[in-house]
Amino acid sequence: MKFPGSHILSMAQFERRDIEQVFTVADRMEPYAHRRRITKVLDGAILGSMFFESSTRTRVSFGCAFNLLGGEVRETTGFEATSLTKGESLHDTARVLSGYSDVIVMRHPQAGSVAEFAAASRVPVINGGDGANEHPSQALLDLYTIQKELKHQGREGIDGLSIGMIGDLKYGRTVHSLCKLLTLFNNVTVTLISPDELRMPPEIVEQLRSAGHRVVESDNMEQSLSHVDIAYATRIQAERFANAEEAMLYRGRYRLNQAVYTQYCQPNTVIMHPLPRDSRAEANELDNDLNDNPNLAIFRQADNGILVRMALFALILDVVEQVDTHARDVNWYTERRF
Ligand code: NCD
């Protein structure tokens, strides 16, 4: 794919060499993300950040990634703050706001909405999550994390991976995008653990199988975890259910904690979650007692979001080779505790 000027809407746009390119650029962003160097390569550029659904990591890390490249962020959060509540169409909003920024990242509760917006935008648009459909930058940072965690264990590459995805696989857009991304690799075993009602959409299972992957579907977490390299937990997407009570039927169905981990996982199984984890007692899909488990990668995963999102901006705005020439060392205290 040609990155400069492109929208990033779905994992389906990517080929394997595009993924490699994103990850190579992400590695090169480390001195900036880790606050050893600053770059002003995007000095004067404006990111339009439009989040019409709640978000912590995605919104803030896209914004920080842009700031770390020297650009400025103009943020809109919630429908109430915009003229979409006055009946303005996504088309008109896109035409107007794309005149005010160089690139836009958008999250919206409706599947397909970000693509509709992008079609009317005069600048590149990145999908920060469109309903239950996709969340491509999350899939990229997830795979980047998987690759890094396995490398730390002395394993090279994604081919041959065994991953278990746990929870709401029907409405979880992160797992939808991650499965589509995995179709670019070879010989992956994907164990899909969910209540029967929240199974992975059949067309995505079909895409995995057509890629030659082994797909196992189960509603039993404990019995399914023994062979996985990665246990990827997800939150029940209560906001996507027709009624909130229905979501309550599933919250708390799967609870990964240290006792379960010790009994059923391999000693080096990596635990991931796109976050937020629902830590309320009735859900608690990923227990706090895992916080000291060195294989709990969730915060490293969130940190990696900065690197991958910086890489996407650098590629889309075509400044990869200029990042280091507009840089200098930082002049403040930068030691981090962890
Ligand atoms: C996810 C999302 O919004 O799809 N969060 C994220 O972006 N890291 C997952 C979720 O909300 O459960």
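Order of listing sets the numbers, starting from 1, for every ligand and every atom in it.
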Does the distance from a Lys or Arg side-chain N to an Asp or Glu carboxylate O, for Arg253 and Glu222, drop under 4.0 Å? no
Determine the minimum heavy-atom distance between Arg235 and Asp168, stating which atoms define it. O-CB, 3.5 Å
May I have the list of side-chain donor-acceptor pairs in residues 20-30 shorter than 3.5 Å, sequence neighbours left out?
| from | atom 1 | to | atom 2 | distance (Å) |
| --- | --- | --- | --- | --- |
| Thr24 | OG1 | Glu20 | O | 2.8 |
| Asp27 | OD1 | Tyr144 | OH | 2.6 |
| Glu30 | OE2 | Lys148 | NZ | 3.3 |

In terms of heavy-atom contacts, does CZ of Arg36 have more than 12 from other residues, nucleotides or ligands at under 6.0 Å? yes
Please confirm whether Arg107 makes a cation-pi placement over Phe51, using NZ or CZ under 6.0 Å from the six-membered ring centre and within 45° of the ring normal. no
Check whether any side-chain N or O of Gln138 sits under 3.5 Å from a backbone N or O of Gly128 as a donor-acceptor pair, and report yes or no. no
List the protein residues in contact with ligand 1, where contact means a heavy-atom separation under 4.0 angstrom. Thr58, Arg107, His135, Gln138, Arg173, Thr174, Arg235, Gln237, Pro274, Leu275, Pro276
